[in-house]
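See below for the structure under consideration.
Proteins get letters first, then strands, A, B, ... in listed order; numbering begins at 1 in each. Since the model is a prediction, treat every value here as computed from it, not as a measurement.
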There are 2 protein chains.
Amino acid sequence: MSKNLTKREVDYSKWYNELVVKADLAENSAVRGCMVIKPYGFAIWEKMQAELDRMFKETGHENAYFPLLVPKSLFEAEEKNAEGFAKECAVVTHYRLQNDPNNEGKLRVDPAAKLEEELVIRPTSEAIIWNTYKGWIQSYRDLPLLINQWANVMRWEMRTRLFLRTAEFLWQEGHTAHATKKEALVEARQMQDVYAEFAENYMAMPVIKGAKSESERFAGADETYTIEALMQDGKALQAGTSHFLGQNFAKAFDVKYTSKEGKQEFVWATSWGVSTRLIGGLIMTHSDDLGLVLPPKLAPIQVVIVPIYKGEEQLEAISDKVNVFVKELRKKGISVKFDTRDTYRPGAKFAEYELKGVPVRIAIGKRDLENNTVEVARRDTLEKQSVSQDDVVDVVANLLEEIQDNLFNKAISYRKEHTTEVNSFEEFKEAIKNVGGFVSAHWDGTIETEDKIKELTKATIRCIPLDNKLEEGKCILTGKKSTQRVLFAKAY
Amino acid sequence: MSKNLTKREVDYSKWYNELVVKADLAENSAVRGCMVIKPYGFAIWEKMQAELDRMFKETGHENAYFPLLVPKSLFEAEEKNAEGFAKECAVVTHYRLQNDPNNEGKLRVDPAAKLEEELVIRPTSEAIIWNTYKGWIQSYRDLPLLINQWANVMRWEMRTRLFLRTAEFLWQEGHTAHATKKEALVEARQMQDVYAEFAENYMAMPVIKGAKSESERFAGADETYTIEALMQDGKALQAGTSHFLGQNFAKAFDVKYTSKEGKQEFVWATSWGVSTRLIGGLIMTHSDDLGLVLPPKLAPIQVVIVPIYKGEEQLEAISDKVNVFVKELRKKGISVKFDTRDTYRPGAKFAEYELKGVPVRIAIGKRDLENNTVEVARRDTLEKQSVSQDDVVDVVANLLEEIQDNLFNKAISYRKEHTTEVNSFEEFKEAIKNVGGFVSAHWDGTIETEDKIKELTKATIRCIPLDNKLEEGKCILTGKKSTQRVLFAKAY
Ligand SMILES: [Zn+2]
Ligand SMILES: [Zn+2]
């Protein structure tokens, strides 16, 4: 059938692109590099948002909203940040269209409506937010300031892929201000923990918590904390970052507070974000050649029920049975779809829900009616079992938990098998090439070595794990002294 | 104290602007006409969003997300729509900044990064969405398509006011496609009903449901349905609109479906939206010279508890009592803040929560401890009562309902007092000038007359009420025949 996907072994990248479109998650739009997030894909994003938003609020943050556009003069105030994003900024230069006198029915930019100062569409909001915080922070009583924003941002990337790298994407960006360096560091690490907890407990996607090397740091940050996940093709995905910004933005925007002791001090800052990129990570952690596999905690539909019947009468008899346990399942907070469309056959429905990654499928036909059973199939292992209608609610509730755990454990196993410790550059190249995944190796700490390794192998330093043990060793490339291993991988 | 507002009688417009800023709802930003929505203001928007989103989903709609930017060639495809918005479009012309060679540390637009086709920041999304729907709709089985988007949009308005009219604003926009004209009309009216229900039941803001006259219709619509509210200064506010778009966008973007009979037909469309403008309406419906007054159903904090104490020991004794009923209140789903900050005095706290419109304030001091009482104050009437601690949960729960009802009834009374039926142009001018509010009058149905009346009185036709009785009469301006009255008012 036309829904068949390219197999992962054949072409992982093609498999991914096809899956995103065929599972109705997203598609490319008429605007270069910008995607349309379709209702099913957006429903996953809404589930992610709901959990993250709850976690942000539980850690004391409030939501707010800041302008989409940033005046160029503000944008350039923090030089490193500006330099980091200048090359991918969409720029608004005019504020009006007019009828094109040479082309009836067409519009053109009105040359008389040129802005005095150009406006940049936010690639990230530090500049506009810190310019605002200047007015909000006077005294130590105004600190900490703990704010999050859900927003769209724009980075004019040259090579884009649905969810993973798009010119416009949706994200949340936290921006906090603190009286002390220590508090800001604690906040940055706390949010990294929140991201890790979300990735592991909701996405069933194991992550390594680490710090970025200098060359991979966020532009304008003194330290970038990251969570790094491993995809099925052995490539790493940076899934979320939390930045300790030092006093860089406070100094660029002159944000000071009066301390308890009456002294004027610059404040300390963090920022942190995750985006619709997470959906790409979710897909590439669990899915298979039949389509999407979703962890139950983020599945818009957790259970689908497909009736197998001939004629209205049979459907009615089935519906009478189904409605009983649908009610029970919903009472337990489980989202259920009973698909009674008569415009599609059961086989087509099975394929559709497999493609869309619905965790549990229940089928019920004439013989099940006679035997008081249903057929329960799980999407992760594709196993089926016959279950008494009396037990179906409990079986399904347990199964959802089991699937959530199984997906996480499978991903952990995969990561274990694809993490290699090496002690020479030969071993390193071998591991990157033949095993893939994370390679743990000593590095001399310089940008030059990092660049050289990237040039030779395409692998980059994903992070310096936070739980690293200190250990003497020699840089795999230069042989210089090193005190700890770092994790390399090819990455998205 | 510095938080004192200008009185409404003295300068309503100044009162509004001060209130928005002092109650921490929003403020102007560094970007012309764009606001920062502060956490307290955003929390009100989140409450609005949650209810509206639930109502949209209950009526069968799903959320999705479409690109921020619209290529000029798509934007101009539906001519009337393009014409209506061309004059207020922010236009992206370049996709990169570079170091300014003449100005160290500064950036400039990279002239080499000029886009081949300019991109417009969406002022509304019909164009980009209908261009997408073309790929989604082939057969009658794909209809109806019921989609909503929560997004930011941009309209380059020359005169802006916080919440009421800003260059960037947040809104939702529903965009639906249907097989028949009748279905589309039913949908457009249904969403007008949803908006009216939300306005009245949640915002406690009575609205008139009507249709717009031709000159006030959405650009590209065949019919615009509106809900019109009346503000305290006698001016009307268009609070939400729902458009029947006919086949205009289907034809502009060539969106056809194959009917059950195998015929190719253009689809029928609606779009509908409400925005952060609603917060402006909320403020101007209920608030007073002391500050914001919020209906309980949309108040981020429904109940605030202020302890009045000397020393840690008294605070502890008070807290022991308070914690008991806080728990009970929260169990009932009531949001409660217990404000134990020692950096502010009770009087300052009272003023702050009055300014912020918290519906119920509970104060508890030493004498209350002795008497087993608390003082309960309601924000709408400013009445206070002493209540036994044993009854406080029930009293507060009832009070919240009473306040919600009282606010609605007050607004209804105000509207009754400020709705005048007139039969001559003298009476009309008199009513517009001296009474304000809605004026119900006969009109000959022509745009010329509507324009002339606006020129002479600044009043516009707000709507042709849907429940209008047919009645013969003469146009107040021209004396020509008319079959029904319409509602005029000065408007925001
Ligand atoms: Zn492998
Ligand atoms: Zn009056």
Minimum heavy-atom distance B:Trp156-A:Leu115, with the two atoms named: CZ2-CD2, 3.7 Å
Residue A:Lys57 versus chain B: region with a heavy atom under 4.5 Å: side chain
Within 6.0 angstrom of B:Glu104 CD, more than 12 heavy atoms from elsewhere: no
A:Phe85 portion near chain B, given a 4.5 angstrom heavy-atom threshold: neither
Residue B:Glu79 excluded, over 12 heavy atoms near CD under 6.0 Å: no
Which of A:Leu119, A:Leu170, A:Asp110 touches chain B most, by non-hydrogen pairs under 4.5 Å: A:Leu170
Engaged part of A:Leu69 at the chain B interface, taking heavy atoms whose separation is under 4.5 Å: both
Neighbour count >12 (heavy atoms, 6.0 Å) for atom CZ, B:Arg54: yes
Nearest-0.5 Å distance, CH2 of residue B:Trp150 to CH2 of residue A:Trp150: 15.5 Å
Closest non-hydrogen atom pair, A:Pro67 against B:Val36: CD-CG2, 3.8 Å
When B:Met154, B:Gln98, B:Glu46 are compared by non-hydrogen pairs under 4.5 Å with chain A, the top option: B:Glu46
Shortest non-hydrogen separation from B:Val92 to A:Ala90 and the atoms involved: CG1-CB, 4.0 Å
Donor-acceptor pair, side chain of A:Lys106 and main chain of B:Glu76, under 3.5 angstrom: no
Side chain / backbone / both / neither for B:Asn131 at chain A, heavy atoms under 4.5 Å: side chain
Top of B:Cys34, B:Ser29, B:Cys89 for chain A proximity - count of heavy-atom pairs under 4.5 angstrom: B:Cys89
Proximal component of B:Tyr40, with respect to chain A [non-hydrogen, under 4.5 Å]: neither
Chain B contact via A:Ile147 - side chain, backbone, both or neither, heavy atoms under 4.5 Å: side chain
Under 4.5 Å from a heavy atom of chain B, the part of A:Lys38 involved: both
Region of B:Lys134 that comes under 4.5 Å of a non-hydrogen atom in chain A: neither
side-chain contact (heavy atoms from CB on, under 4.5 Å) between A:Lys72 and B:Leu97, intermediate numbers included: CA-CA 9 Å; A:Lys72 187 169 70 63; B:Leu97 296 173; 4.2 Å; yes
Option that, when pairs with chain A are counted at under 4.5 Å, heavy atom only, ranks first among B:Ile128, B:Thr93, B:Leu107, B:Asn148: B:Leu107
Heavy-atom pair with the smallest gap, counting every atom of A:Pro71 and B:Ala30: CG-O, 4.0 Å
Heavy-atom proximity to chain B below 4.5 Å, by part of A:Trp45: neither
Part of A:Asn28 lying under 4.5 Å from any heavy atom of chain B: neither
A:Lys337, NZ atom: more than 12 neighbouring heavy atoms under 6.0 Å: yes
For chain A, the option from B:His94, B:Gln149, B:Glu118, B:Arg341 that forms the most heavy-atom pairs under 4.5 Å: B:His94
Which atoms of B:Asp100 approach chain A - backbone, side chain, both or neither, heavy atom under 4.5 Å: neither
Check: B:Leu68 main-chain N/O paired with A:Glu168 side-chain donor or acceptor under 3.5 Å: yes
side-chain contact (heavy atoms from CB on, under 4.5 Å) evaluation trace for A:Asn152 with B:Tyr65: CA-CA 10 Å; A:Asn152 53 343; B:Tyr65 188 76; 3.2 Å; yes
Residue part contacting chain B, namely of A:Glu27, when any heavy atom lies under 4.5 Å: side chain
Student check: side-chain heavy atoms of B:Trp136 and A:Asp24 closer than 4.5 Å: no
Side-chain donor/acceptor of A:Arg141 to backbone N/O of B:Thr343, under 3.5 Å: yes
Under 4.5 Å from a heavy atom of chain A, the part of B:Ile121 involved: side chain
Within 45° cone and under 6.0 Å: B:Arg32 NZ/CZ vs A:Tyr95 ring: no
